[in-house]
Protein chains: 2
Amino acid sequence: MTAAKHDVFQAIADPTRREVLRLLSNEEMPISKITSYFSISRTAIVKHLHILAEADLVQAKKQGREKLYMLQPEPLNEVKEWLSYYEQFWNNKLSVLKHFVEEGETQGLSLVESKEKKRTT
Amino acid sequence: MTAAKHDVFQAIADPTRREVLRLLSNEEMPISKITSYFSISRTAIVKHLHILAEADLVQAKKQGREKLYMLQPEPLNEVKEWLSYYEQFWNNKLSVLKHFVEEGETQGLSLVESKEKKRTT
DNA sequence: ATAATATGAAACCATTAGGTGTTATATTTA
DNA sequence: TAAATATAACACCTAATGGTTTCATATTAT
């Protein structure tokens with residue numbers, strides 16, 4: 001269970017942590033190297049890494065005196081799925097139409113547009 | 001400029017705010033009705049609404065004594081774009097392959113798998 | 001063995017986040 | 001007009017965030 005105080009949404013909320021993820025997407029790195037890219041202390045970076053690890057977005061393996069961190073992007077899928085619900089609402093009218101046609105009359109869409117068309121005839 | 005202390009990533013980090021967004025995706029609602037869905041105070045809900053508004057995820061219009069809030073999902077596109085960078089790294093081998101085929105040999109993929117296949121013959 | 005390097009861990013601090021309750025003001029409705 | 005409703009605006013509280021500095025420990029290189 002491990003309570004998991006930090007979920008993926010909180011983990012990616014911080015810009016520094018997003019930058020860390022970006023760094024690790026290119027290659028795995030020890031803490032000291034990650035820190036070298038930022039102007040904050042190593043301790044602060046370690047805390048961010050702990051939060052990312054809690055959300056399973058990074059994984060670490062000790063190698064000698066170094067601790068190598070690597071990206072683990074799978075949990076981002078949760079965010080993607082969350083987003084997918086909202087995609088029907090933005091983008092363009094086409095996607096709204098697509099949703100309407102595929103899923104039927106949900107969300108109070110209520111065929112207003114086609115009624116309007118009829119009225120103008 | 002308005003400094004915009006809260007960006008979209010921070011706005012969606014809180015579960016209550018995500019629930020508010022979900023509510024508003026069905027219909028626009030006054031504050032009191034939104035509050036009725038939660039067990040926290042109206043004041044707390046209002047603060048969440050302010051944060052969502054700062055991130056442009058909701059918009060309000062006053063109607064009589066009520067203030068109607070509605071969803072404005074466009075800013076979520078920023079999250080989607082951010083995510084799209086990482087999609088190449090997770091999902092399944094198929095999507096990696098897809099990216100490989102479409103975009104060419106980037107990210108150090110280096111055709112390891114097909115070499116392995118040859119070796120087993 | 002010693003010095004340098006990499007990390008771990010603790011104590012501390014200021015600000016923000018998320019919540020509360022109270023009081024005031026605007027708008028309906030009876 | 002008076003009562004009810006919807007929101008606004010404060011003041012306040014506690015815990016979490018994001019950062020610091022300092023000291024200890026493990027590993028590597030000279």
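Protein chains get the first letters and strands the later ones, always in sequence-line order, with residue 1 at the start of each.
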So what does Gln10(A) touch, heavy atoms closer than 4.0 Å: a base, only the sugar-phosphate, or nothing? sugar-phosphate
Quick one: do Leu68(A) and Leu71(A) end up in the same hydrophobic cluster if we chain Ile, Leu, Val, Met, Phe, Trp and Tyr together by side-chain heavy atoms under 4.5 Å apart? no
Report yes or no: does Arg17(A) contribute a side-chain atom to a donor-acceptor pair with the main-chain N or O of Gln10(A) at less than 3.5 Å? yes
Is the distance from OP1 or OP2 of dG19(D) to the nearest side-chain N or O of His48(A) less than 4.0 Å? yes
From the candidates dT27(C), dT22(C), dC12(C), the one with an atom nearest any side-chain atom of Lys47(A) is dC12(C)
Measuring from the side chain of Asp14(A) (C-beta onward, heavy atoms only), which nucleotide among dT27(C), dG18(D), dT20(D) has the closest atom? dG18(D)
Test for a donor-acceptor pair under 3.5 Å between the base of dT21(D) and the side chain of Thr43(A), counting only N and O atoms. yes
Quiz item: Arg65(B) side-chain donor-acceptor pair to dT5(D) base, under 3.5 Å: yes
Within the structure shown, what part of the strands sits under 4.0 Å from Ser41(B) by heavy-atom distance: base, sugar-phosphate, or nothing? base
Check whether any side-chain N or O of Arg42(B) sits under 4.0 Å from OP1 or OP2 of dG19(C), and answer yes or no. no
Answer whether the closest heavy-atom distance between the side chains of Tyr69(A) and Glu28(A) falls below 4.5 Å. no
Closest of dG19(D), dT7(D), dG18(C) to the Ile51(B) side chain is dG18(C)
Would you indicate, yes or no, if dA8(D) has its OP1 or OP2 atom less than 4.0 angstrom from a side-chain nitrogen or oxygen of His50(B)? no
Side-chain N or O of Lys67(A) versus OP1/OP2 of dG8(C): is the shortest distance under 4.0 Å? yes
Which nucleotide, dT17(D), dT7(C), dG18(D), lies nearest any side-chain atom of Ile31(A)? dT7(C)
Salt bridge check: are Lys33(B) and Glu66(B) linked by an N-O gap of less than 4.0 Å? no
Of the candidates dA6(C), dT20(C), dT27(D), the side chain of Ser32(A) sits closest to dA6(C)
